[in-house]
Amino acid sequence: MSVAKREFIHQRFARSGSRDARYAYTSLLNRFERSVSDCKTGSVLPHHVEDFFYGPGGLADTCQRQTLGKYRNDLKQFFAWVHRRGGNPLSADALLDGIPDKSTRVNRNRYRMTRDELRQLLSHAEHPRDAALICFVACTGVRISEAKGMRIGDVSFTKGELYVTIPKTHEEITYPLASDLEAQLRQWQTFYAEQVGRLKRTHYLFPAFKRRTFAEGGGLTPAGLLNPEAEISQPTKVLRPIADRAEIELEEGDGWHTLRRSFARILYDDCVSLGHDAALRIVQAALNHKSVLTTERYLGLDLERQRFHTMVKGKPFLTLGEDAGKIVSLTDRRAGNG
């Protein structure tokens, strides 16, 4: 198992695999290797995989439900690779038969914030870095993994542009810089420079805090010191306390992606109100989605269903615009009275 794991990781990411994706695969396969005690790949059976997900101490005990679906797909790719090389006679589908495709998906209308709620969230950020990060995600709709990797040099106030690198493909996307986001970033960078000195282009735009250590004169170093050479490692721990202070209730699975969905919904409604025929395609381009179906999921079709109910329930549909006095009921027509 350990040999197959190393070869799979090397071959998959030898050309263009991102560092984050490589780490995620390695972490998952290391955990699976420990669960089966580094046995031979040919001896892995479906019950081993099912126990890995749902047994005592399995993934389901420590992971959020929507994350399990991603782990299932990652593990499926590994076992498909093993099967192609004769490492296990069972196919990936056979090994993962006990982990249904949609068993880990949360089928509900995900929470989306209004503009007022986003401003409320922003106003309860106690540190300028956190306020700038919230504003950045809310005004661009980028993923948190993309936002936390931003550098000082990725912001051009002169051109009014942001240059965001997509970790999966290493592609650089240019985003427009909204005026309120520009004001927030300028304010943040002024504070940032006062804390660490002159900012370099390679410094992280949203840096991590330094760990507290013992100072030479005794005691611990001050809390809240910025480390411009390190990115935020646990962004979820940044957002949730701010949401609690703002009295915005985030359910399980809600987090930074909630801001991305909120951005998508607000942008779509703005496009519709302005009369854009291609509102959906505009949002798709803004979110950098390959499929428009993914964009529709982000927008939340339940909202459209609610509007549909409001438009139709208890109101005429086929007879809309007709003179009610000219309409003959089907009963009267059959009776020959029409």
Side-chain angles (χ1 to χ4, degrees), residues 1-110 143-146 166-171 252-253 255 257 260-261 284 287-298 301:
M1 180 65 68
S2 59
V3 174
K5 176 194 68 178
R6 286 196 299 270
E7 291 183 0
F8 171 76
I9 294 294
H10 174 74
Q11 291 186 22
R12 182 171 179 81
F13 299 102
R15 292 185 179 180
S16 60
S18 71
R19 184 183 62 181
D20 288 346
R22 178 191 288 268
Y23 174 81
Y25 269 98
T26 303
S27 177
L28 175 65
L29 294 178
N30 282 344
R31 187 167 178 177
F32 183 77
E33 180 187 336
R34 290 193 297 270
S35 74
V36 295
S37 303
D38 194 20
C39 66
K40 292 183 178 181
T41 55
S43 63
V44 175
L45 298 173
H47 73 84
H48 292 130
V49 181
E50 192 166 359
D51 289 345
F52 177 60
F53 276 84
Y54 300 116
L59 293 179
D61 291 344
T62 57
C63 298
Q64 295 179 350
R65 293 184 63 195
Q66 70 275 12
T67 308
L68 292 177
K70 176 184 180 303
Y71 286 158
R72 181 192 188 278
N73 291 333
D74 291 347
L75 207 59
K76 182 177 181 179
Q77 292 183 42
F78 170 68
F79 282 119
W81 179 87
V82 169
H83 180 68
R84 288 195 301 271
R85 284 156 179 75
N88 193 311
L90 296 176
S91 68
D93 288 330
L95 286 171
L96 289 156
D97 184 55
I99 319 297
D101 251 343
K102 298 181 180 180
S103 65
T104 59
R105 290 197 173 184
V106 180
N107 241 349
R108 61 184 173 88
N109 185 29
R110 305 304 296 273
R143 301 172 181 85
I144 187 59
S145 60
E146 298 159 0
I166 310 301
K168 290 183 179 179
T169 61
H170 300 288
E171 180 185 6
E252 180 185 354
H257 233 63
R260 179 170 163 84
R261 287 192 297 270
Q284 180 188 2
L287 295 177
N288 196 35
H289 282 160
K290 292 182 179 180
S291 170
V292 73
L293 296 177
T294 306
T295 308
E296 289 179 348
R297 215 167 41 239
Y298 267 66
L301 295 182

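Side-chain contact between Ser2 and Arg6: present, with at least one pair of heavy atoms (C-beta onward) separated by less than 4.5 Å. Residues Lys76 and Asp93 form a side-chain contact, since some pair of their non-hydrogen atoms from C-beta on lies under 4.5 Å apart. For the pair Tyr25/Phe78, no side-chain contact is recorded, criterion being any heavy-atom separation below 4.5 Å from C-beta on. Contact check for Trp81 versus Glu7: side-chain heavy atoms found under the 4.5 Å cut-off.
The two atoms that bring His83 and Asn88 nearest to each other are ND1-O, 2.9 Å, heavy atoms only. In terms of heavy-atom proximity, Pro46 sits nearest to Leu90 at CD-CD1, 3.8 Å. Here the closest heavy-atom approach between residue Lys290 and residue Gln284 is recorded as O-NE2, 3.4 Å. The heavy-atom pair separating Thr41 from Ala4 by the smallest distance is CG2-CB, 3.7 Å. For the residue pair Tyr71 and Leu28, the shortest heavy atom distance occurs at O-CD2, 3.8 Å. Nearest heavy-atom pair across Pro89 and Gly42 is CD-O, 4.3 Å.
Neither side chain, Thr294 nor His289, offers a donor N or O lying under 3.5 Å from an acceptor on the other.
Note that CD of Glu296 and OG of Ser291 are 8.0 Å apart. Values are rounded to the nearest 0.5 Å. Residue Asn73 holds its CG atom at 11.0 Å from CG of Leu68, rounded to the nearest 0.5 Å. Taken from CG in Leu29 to CZ in Arg34, the straight-line distance is 11.0 Å, to the nearest 0.5 Å.
For Glu50, there are no salt bridge (charged side-chain N to carboxylate O under 4.0 Å, His left out) partners, not counting sequence neighbours. The salt bridge (charged side-chain N to carboxylate O under 4.0 Å, His left out) search around Asp74 returns Lys70, not counting sequence neighbours.
At distances below 3.5 Å, not a single donor-acceptor pair connects side-chain atoms of His257 with backbone N or O atoms of Arg143. A donor-acceptor contact shorter than 3.5 Å links the side chain of Arg260 to the backbone of Leu287.
Heavy atoms of other residues, nucleotides or ligands lying less than 6.0 angstrom from CZ of Phe32 number more than 12.
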